[in-house]
Every structure is written in structure tokens, then in C-alpha cells.
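One structure below.
We number each residue from 1, following the sequence as shown.
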Amino acid sequence: MVNYHENVYVRRGVDGRDHIPALPFWMAIIRVVQLLLACLVMILTAYSSATFGGSGTNGDLVIQILFPGYNMSFFTFAWTVLFLLYIFLIPLVFPKFYLSYAHLGLEFLTVIFWLTTFALLADEGKWWVVEQESLEAIKDEFSGFSSGDDGEVDKLLSACKASRAAIGMAAIVWLLFMVTFGFVVYYWNKHREEHGETGLSSAHRRGPTGDIEAAQVEKTQTSVELHNIQGQPQHPAPVA
């Protein structure tokens with residue numbers, strides 16, 4: 001039976017990995033889903049940009065430049081691949097190079113990049129709706145005629161639908177990274193608390209209570225010493 005709470009990082013042993021927060025098996029599954037959906041977004045936007053950018057027809061059916069959402073999706077996909085490679089390979093193969101603060105920072109940047117990608121694609125989605133309706137109207141108007149442009153129109157319609165589908169996929173990826181970022185922060189804090197309880201000596205982890213107790217002990221020792229001094233018999237100094 002699969003233990004979904006098992007720490008994936010310790011499958012290759014715990015030596016040299018005590019500084020790495022846990023990665024439950026269920027979160028590793030979400031990471032795989034994030035990668036697959038990111039790949040799907042890249043495929044959809046790559047198909048759309050290749051279709052619109054490669055068209056040679058004049059008029060409203062042509063888009064000669066790549067919209068910024070496409071470029072951002074390509075960058076974010078490459079970033080996501082590198083980020084997932086870092087959080088999987090480094091702890092498993094080179095654990096001493098893993099930095100928890102770097103993981104948090106990279107995870108946060110990934111959330112920002114996917115939010116930006118989704119926002120750009122969604123902003124361009126308004127244009128894709130209008131373009132798709134125009135293409136469908138043209139197709140219906142000339143449906144009774146045989147034309148060599150029918151294939152081109154169908155291709156552009158598919159590109160519009162692909163771009164609109166990429167918006168939904170990008171939103172899902174962004175939400176998944178929001179979820180994993182929250183759990184990464186949770187397991188990071190949990191790891192710090194556990195490490196503070198077990199990994200540090202009592203001499204170095206004396207909290208406010210320990211400081212008060214130490215002060216009370218020091219005060220008691222001082223009182224005892226003063227009492228001993230006051231209780232000693234006082235001898236007059238000899239007269240010369």
C-alpha cells in the first residue's frame with residue numbers, strides 16, 4: 001500500500017539530508033501534474049504562435065507578431081522545468097547543495113511567473129474570442145463554396161481554440177503552485193521547529209524560560225554567598 005505521507009527525499013537515505021524539509025509523496029505527485037500541465041500550456045501556445053506567425057494571408061486572418069503571452073509561456077515553461085529539476089535532483093543526488101531559502105525564493109518566483117503568464121494570456125483571450133467568432137462567420141458565409149482557404153480558416157480556428165484552452169491550463173498551474181508554495185512554507189517551518197528541538201544542544205537553545213531559570217539560579221547563589229559572608233564571625237583587627 002502506498003504511503004502518501006512518506007518523505008520522498010529519504011528514499012536514498014537520511015545521511016546528509018537532515019537539513020532538507022520533507023517532501024511527502026502526495027506533493028511529489030502534484031509536482032508531476034504541474035510539469036505535465038506546464039508542458040501542455042507550452043504545446044498549445046507553441047501551436048498557436050506557429051500558426052499565426054507562419055500565416056501568409058493578408059487581412060484579419062493573419063497575426064504577424066507573437067503576442068507577449070506566448071513568449072512568457074515559453075519562458076515560464078523553461079523556468080518550471082529547471083525549478084523542478086532543482087528541487088528533485090539536488091536533494092536526491094547532491095543534497096549538500098540544497099538551500100531551503102533558495103527553494104522558497106524560487107518557488108515564490110515560479111508562482112509570480114505563472115500568474116504573469118495567466119494574466120497575459122487572459123488579456124489576449126478577449127482578442128481570440130473576437131477572432132474566433134469572425135472566422136466562424138467567414139466559414140459559415142462561404143460554406144457553400146469550394147475554396148482553397150477552407151483549410152487555412154480551420155487551422156486558424158484551431159489556433160484560437162488552443163490559445164483559449166491555454167488560458168485555463170495556465171490558471172490551473174498557477175493555482176497548483178500557490179498550493180505547493182503554501183505547503184512548502186508549512187513543512188519548512190515544521191522542519192525548523194523539529195530541528196530546533198532535536199538538532200541543537202540545550203546550551204544553545206535556551207529560550208526565555210531557560211534564561212529566567214538561569215537568572216534565578218544565579219540570584220540564589222549570590223544570596224547564599226552574601227548570607228555566608230554575613231554569618232561569619234567578625235574579629236576586631238589586632239591593636240598594634
Handout entry: Leu82 CG to Phe77 CZ distance, which is reported to the nearest 0.5 Å
Key = 9.5 Å
Exercise for the section: Carefully, step by step, assess His103 and Phe83 under the rule side chain to side chain contact (heavy atoms under 4.5 Å, CB included). Expected result: CA-CA 9 Å; His103 184 171; Phe83 167 69; 4.0 Å; yes
Problem - Separation of Ile167 CD1 from Thr117 OG1 (nearest 0.5 Å) - result: 12.0 Å
Problem - For the student: nearest non-hydrogen atoms of Ala170 and Leu121, plus distance - result: CB-CD1, 4.2 Å
Handout entry: Interatomic spacing from CD in Glu193 to CH2 in Trp188 - rounded to 0.5 Å
Key = 10.5 Å
Problem - Validation row: Phe177, Arg31 side chains within 4.5 angstrom (heavy atoms) - result: yes
Handout entry: Under 3.5 Å side-chain donor-acceptor pair for Thr80 and Trp114
Key = yes
Fill in the blank from the handout: Shortest non-hydrogen pair, Glu124 vs Gly69, comes out as OE2-N, 2.8 Å
Handout entry: Residue list, side chain to side chain contact (heavy atoms under 4.5 Å, CB included) with Leu36, at least two apart or on another chain
Key = Val32
Exercise for the section: Looking only at non-hydrogen atoms, find the nearest pair between Phe97 and Ile90 and report the distance. Expected result: C-CG2, 3.8 Å
Practice task
Name the orientation class of the two ring planes belonging to Phe108 and Phe181 (parallel below 30°, tilted from 30 to 60°, perpendicular beyond 60°).
Solution key: tilted
Practice task
Would you mind reporting whether Leu106 and Trp79 have side-chain heavy atoms less than 4.5 Å apart?
Solution key: yes
Completion exercise
To the nearest 0.5 Å, atom CG of Leu109 lies from atom CG of Leu104 at 11.0 Å
Handout entry: Residue list, side chain to side chain contact (heavy atoms under 4.5 Å, CB included) with Ala46, at least two apart or on another chain
Key = Met42, Phe74
Exercise for the section: Identify the two heavy atoms, one from Val41 and one from Ala166, that lie closest to each other, and give their separation to 0.1 Å. Expected result: CG2-O, 4.2 Å
Practice task
Enter the distance from Leu120:CG to Met72:CE here, rounded to the nearest 0.5 Å.
Solution key: 7.0 Å
Completion exercise
Residues at least two apart in sequence or cross-chain that pass ring pair (Phe, Tyr, Trp, His ring centres under 6.0 Å) with Phe75, listed by chain then number, are Phe113
Problem - Closest approach of Pro91 to Tyr98 (non-hydrogen atoms, all atoms of both residues) - result: CG-CD1, 3.7 Å
Problem - Euclidean distance, Thr110 OG1 relative to Leu115 CG, rounded to 0.5 Å - result: 12.5 Å
Exercise for the section: Look at the aromatic rings of Trp26 and Tyr187 and report parallel, tilted or perpendicular, splitting at 30° and 60°. Expected result: tilted
Problem - Test ring pair (Phe, Tyr, Trp, His ring centres under 6.0 Å) applied to Tyr86 - qualifying residues, sequence neighbours left out - result: none
Handout entry: Counterpart residues, side chain to side chain contact (heavy atoms under 4.5 Å, CB included), relative to Ala162 (two or more places apart)
Key = Leu44, Tyr47, Ser48
Handout entry: Counterpart residues, side chain to side chain contact (heavy atoms under 4.5 Å, CB included), relative to Leu176 (two or more places apart)
Key = Ile30, Val33, Gln34, Leu37, Ile172
